[in-house]
Amino acid sequence: MQTKRTLFRSKTLPYLLILPQMAVTIIFFLWPAAQAVRQSFLREDAFGFKTTFVWFDNYTQLFSDPTYENSLRVTVVFAIGVAVLSLVSALVLALAVDRTIRSSQVYTTLLVWPYAVAPAVAGILWWFMFNPTIGILPYLLSFVGYHWDHSLSGFDAMILVIIASSWKQISYNFLFFVAGLQAIPKSLVEAAAIDGAGPYKRFFTIIFPLLSPTTFFLLVINTVYAMFDTFAVIHATTQGGPAQATNTLVYKVFQDGFIGLNIGSSATQSVVLMIIVIALTFIQFRWIERNVQY
Amino acid sequence: MAAISLRDVRKNYGATEVIHGVSLDVTDGEFIVIVGPSGCGKSTLLRMVAGLEPITAGTIEIGGRVVNDLEPRERDIAMVFQNYALYPHMSVYDNMAYGLKIAGLSKQAIRERVDVAATMLELKPYLDRKPRALSGGQRQRVAMGRALVRQPAAFLFDEPLSNLDAKLRVQMRLEIKSMQRKVETTSLYVTHDQVEAMTLADRLVVMNAGNAEQIDTPLNVYRQPATTFVAGFIGSPAMNMMAATVAANGRGLELDSGGSVKPRDTALAETGRKVLLGIRPEHLSLVQELNADLKLAVVAVETLGADTLAHGHLADSRGAGGDLVVRLPGTSPVKPGDVLPLAVEPGMAHLFDRETGKRIEA
């Protein structure tokens, strides 16, 4: 890769120029992260009178905690659900738009709108639609004999948060898929058509393989999104319930720290999450940089 | 292998008609080149034969079967694209085998066919490579190999050589020609390059603005262009065109720009008819002043080595319209400012109607 290089005559100017960026990073990221790491080694009583250094006690306790194990499981199900649902629906929509020529601009604009909706608002929106008493969807579901109640059924609650979270992410995935599809030369698809491939064969042997770099990138992005950016959706809909059924790792950090006031455990969980994020980012850069070209 | 026949084929995009009824009969094993400037509809015509563009009106038959409503895959054709359209995620082998796999051939049969094609195109060492690891010429060969292995009824070529450099283009041109001779598959070849067109074609289709202006052998197209468009398009530099009127009493042609010419061995039209006189630069030769048909005042000289091109205007022209180019032997000592006495080679003058642009036959 080519990098643009600028030469400065003064030695201090370059440092001065990156100072604002560094300040932001240090104050809002590095310092709190360091605080979290420090906190994860401490145990504080509920009133904040006494703080003891406990080494890795918080960690050992965390990993032997069955509710944390449950939260981990919930997060995996949730992340897979969101990634699959949002990727598949985005791809279907992108394929549909790619077929149209004149109206694709309009569709694209409309389909991108959900991305501009704040997560909490999206959560409320779906919460209304799925509300067991006043919602439209439980009403419709009752006709097929399904009794929907996400405040009682853990399964229903999980479906609700997956749909609400995916809905927002579809826009993002859609944009990337449309761009990805448009980057595939038309003649490739035509060549395949002449070679005898029908529409499905063309999709699975030509289009999808050529989209795989995009798909993989989005898979990582969506996993990160589902794991870390869905706090507001969950908070606005299920609040981790019922019976921990939608208590993802991120939501549990909030619950244990700010509601349970168990600062030490909360900080420990944050550190674990931080490690997961770093790992995912690493995978993304390492793997994608190397494997996207064909 | 099969004959292809087009009957009054038309194409509309909305209300605008872009192909105005083209009819063409291609016999089995013939190499047809469709040539024309960009935007003349030649690629559209080819894509209609391929089934990539719907046909608005008329019929297309391949091997005696009307294919108008058939999908591309049902037409038994193979196409070579301008950008080769190789599948970037597949090896050369898989690229060539793709169509055969879909057709449901056995592994053994596929291997044999790809092997034959790869040997013919000298691609054997590259079968495991991905297209990105190949040079332009090699990619071009893979694209041809992919068409070859299918053993289709017809090959369609859509400007297959225009992405190659000049030297490679000449080489690949010969390869395409010899390959087609060997397999004797009916071929339609689209190009904007007249040299490609002349050298490859058994017959040429010269297209202009959605019309087939002339369909004939390359030599006939050169010798007897049917319209002023064909006359100007085939041949380089382009044929000289001079507005003229047929003079009375067999005195030849009065040039609008002044002066008159009486080309030998050329049947002139009726007196008073407004015509265009066309003379190719290579059909004018330097003669004694006494025998001159025309006199050229040289303005610029282009030395090409084998030939020298003298650009200028008629010496007795009054103002515009008398521009002329002459191709002279490379050794001719011409310089700007010279006045050259020129004669039209017998029978080499072309007359076209000024209104319709159509050739006037004797």
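Residue numbering restarts at 1 for every chain, and letters A, B, ... go by the order of the sequence lines.
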Original post:
Checking heavy atoms, do the side chain of Y87(B), its backbone, both or neither come under 4.5 Å from chain A?
Top reply: both
**OP:** Pick whichever of Q82(B), R73(B), E71(B) has the most heavy-atom pairs under 4.5 Å with chain A.
**Re:** R73(B)
Subject >> Residues, nucleotides or ligands: over 12 heavy atoms within 6.0 Å of D128(B) CG >> reply: no
Original post:
Hey, are E30(B) and R203(B) close enough for a salt bridge, meaning a charged N less than 4.0 Å from a carboxylate O?
Top reply: yes
Subject >> Segment of L156(B) engaging chain A (4.5 angstrom heavy-atom cut-off) >> reply: neither
**OP:** State whether R73(A) and E69(A) are salt-bridged, where the test is any N-O pair (Lys NZ or Arg NE/NH1/NH2 against Asp/Glu carboxylate O) under 4.0 Å.
**Re:** yes
Original post:
Have N83(B) and N163(B) got a donor and an acceptor in their side chains that come within less than 3.5 Å?
Top reply: no
**OP:** Select, from L52(B), V80(B), I77(B), the one with the greatest count of heavy-atom pairs under 4.5 Å involving chain A.
**Re:** L52(B)
Original post:
Are E159(B) and K42(B) close enough for a salt bridge, meaning some N to O gap below 4.0 Å?
Top reply: yes
Subject >> Contacting region of R47(B) [heavy-atom separation from chain A under 4.5 Å] >> reply: side chain
Subject >> Aromatic ring pairing W167(A)/W126(A), orientation class (parallel under 30°, perpendicular over 60°, tilted between) >> reply: perpendicular
Original post:
Is D195(A) salt-bridged to R150(B), cutoff N-O under 4.0 Å?
Top reply: yes
**OP:** Ignoring hydrogens and angles, tell me if any N or O in the side chain of Q138(B) forms a donor-acceptor pair with the backbone of S135(B) under 3.5 Å.
**Re:** yes
**OP:** Name the region of A103(B), side chain, backbone, both or neither, that has any atom closer than 4.5 Å to a heavy atom of chain A.
**Re:** neither
Subject >> Selection from R75(B), K101(B), E74(B), R146(B) maximising heavy-atom pairs under 4.5 Å formed with chain A >> reply: R146(B)
Original post:
Listed by residue number, which members of residues 90-100 of chain B have a heavy atom under 4.5 Å from any heavy atom of chain A?
Top reply: M90(B), Y98(B), G99(B)
Subject >> Ring-face cation contact, F203(A) with K201(A), 6.0 Å cut, 45° max >> reply: no
